[in-house]
Amino acid sequence: GEDVEQSLFLSVREGDSSVINCTYTDSSSTYLYWYKQEPGAGLQLLTYIFSNMDMKQDQRLTVLLNKKDKHLSLRIADTQTGDSAIYFCAERGGDTGRRALTFGSGTRLQVQP
Amino acid sequence: EAGVTQFPSHSVIEKGQTVTLRCDPISGHDNLYWYRRVMGKEIKFLLHFVKESKQDESGMPNNRFLAERTGGTYSTLKVQPAELEDSGVYFCASSLRTSGPNEQFFGPGTRLTVL
């Protein structure tokens, strides 16, 4: 079955860039997502990328996709203390497949002032 | 516009008891999903409704879990009888479409503790 792996923890200083990595196994994945969960809150969709793209940029967020290696990363530029949260990588199959998302275990980002 | 809401936010029950979780999706969203996160692990899919029909229930762990969405609006997830391993956070999500990026909007979750 599908599997999504993430490192558990990342600590950065305020103002630095953060890079959160994710690997997945399903070669039929068509969409890949990054969600953010702040304490006590639900999952907030940050961004997604279609599998035929290799990069997507949205303000401070840059998503890089290496489809050959099945590797996805999320770069946060100028990381702020408000970026401290758990970040989940998720993937989804094509339109003829399941609509369910397969998530990783989440990466806890700690931003030190 | 109101987001996805879930009730209760927390529930503490004893093993063997019954608990019912409720999810109200975003108005107009035909697609409703249940997920859960157990013991800080990955978030796992439980099932997917399209309106009142179960489109995919492949993630339901066993027959102690029963999900309903009568009328195609809100949904309930009942666990009966609850076991210790059912403890975790249950998330509900809804989406407008199933094609394309299928952006799923999540509720805050219900934290279930089974003692």
Side-chain angles (χ1 to χ4, degrees), chain A residues 1-9 20 22-26 28-53 56 58 63 65 72 85-108, chain B residues 2-10 21 23-26 29-51 53-60 67 88-111:
Chain A
E2 306 95 357
D3 195 24
V4 178
E5 300 281 342
Q6 298 178 242
S7 53
L8 292 180
F9 186 76
I20 302 171
C22 169
T23 58
Y24 60 98
T25 58
D26 187 0
S28 68
S29 296
T30 54
Y31 292 96
L32 296 117
Y33 308 80
W34 284 104
Y35 279 84
K36 175 185 180 183
Q37 185 186 24
E38 296 183 61
L43 298 167
Q44 173 195 356
L45 178 63
L46 287 178
T47 187
Y48 63 87
I49 189 167
F50 187 48
S51 60
N52 69 352
M53 299 169 65
K56 181 178 181 180
D58 183 2
V63 178
L65 174 61
L72 181 75
I86 302 176
Y87 290 80
F88 291 93
C89 169
E91 63 89 22
R92 205 205 90 189
D95 285 344
T96 57
R98 294 172 66 203
R99 274 55 172 176
L101 300 179
T102 300
F103 285 88
S105 301
T107 300
R108 182 177 294 277
Chain B
V4 177
T5 58
Q6 293 186 246
F7 183 83
S9 57
H10 292 85
L21 314 181
C23 168
D24 286 77
I26 293 172
H29 282 194
D30 286 342
N31 296 278
L32 187 149
Y33 311 80
W34 283 99
Y35 293 84
R36 73 172 178 176
R37 189 181 190 212
V38 173
M39 294 286 290
K41 294 185 178 177
E42 66 272 17
I43 298 167
K44 287 200 167 183
F45 167 77
L46 296 176
L47 88 159
H48 169 209
F49 283 100
V50 178
K51 297 184 180 179
S53 299
K54 292 176 185 174
Q55 183 77 13
D56 180 357
E57 50 185 328
S58 61
M60 294 288 263
V89 181
Y90 290 76
F91 291 102
C92 175
S94 70
S95 71
L96 187 59
R97 302 178 187 82
T98 53
S99 61
N102 179 29
E103 296 168 70
Q104 296 184 21
F105 297 88
F106 282 74
T110 294
R111 182 174 294 277

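In what follows, every chain begins at residue 1, and chains take the letters A, B, ... in the order their sequences are listed.
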Subject >> Side chain, backbone, both or neither of A:Tyr33 within contact of chain B (heavy atoms, under 4.5 Å) >> reply: side chain
Original post:
Given a strict heavy-atom distance threshold of 4.5 Å, which part of B:Gln55 is in contact with chain A: side chain, backbone, both, or neither?
Top reply: neither
Original post:
Counting heavy atoms not belonging to A:Phe50, are there more than 12 under 6.0 Å from its CZ?
Top reply: yes
Please table the atom pairs, donor to acceptor, closer than 3.5 Å between any side-chain atom in residues 39-48 of chain B and protein atoms at least two apart or in another chain.
unit_1: B:His48; atom_1: NE2; unit_2: B:Asn31; atom_2: OD1; d: 2.9

Original post:
Do side-chain atoms of B:Tyr35 reach the backbone of A:Leu101 as a donor and acceptor pair under 3.5 angstrom?
Top reply: yes
Subject >> Under 4.5 Å from a heavy atom of chain B, the part of A:Ala41 involved >> reply: backbone
**OP:** Give, as side chain, backbone, both or neither, the part of B:Ser58 having an atom under 4.5 angstrom from any heavy atom of chain A.
**Re:** side chain
**OP:** Return the set of residues passing side chain to side chain contact (heavy atoms under 4.5 Å, CB included) with A:Gln37 (not counting sequence neighbours), or none when no residue passes.
**Re:** A:Leu43, A:Ile86, A:Phe88, B:Arg37, B:Phe91
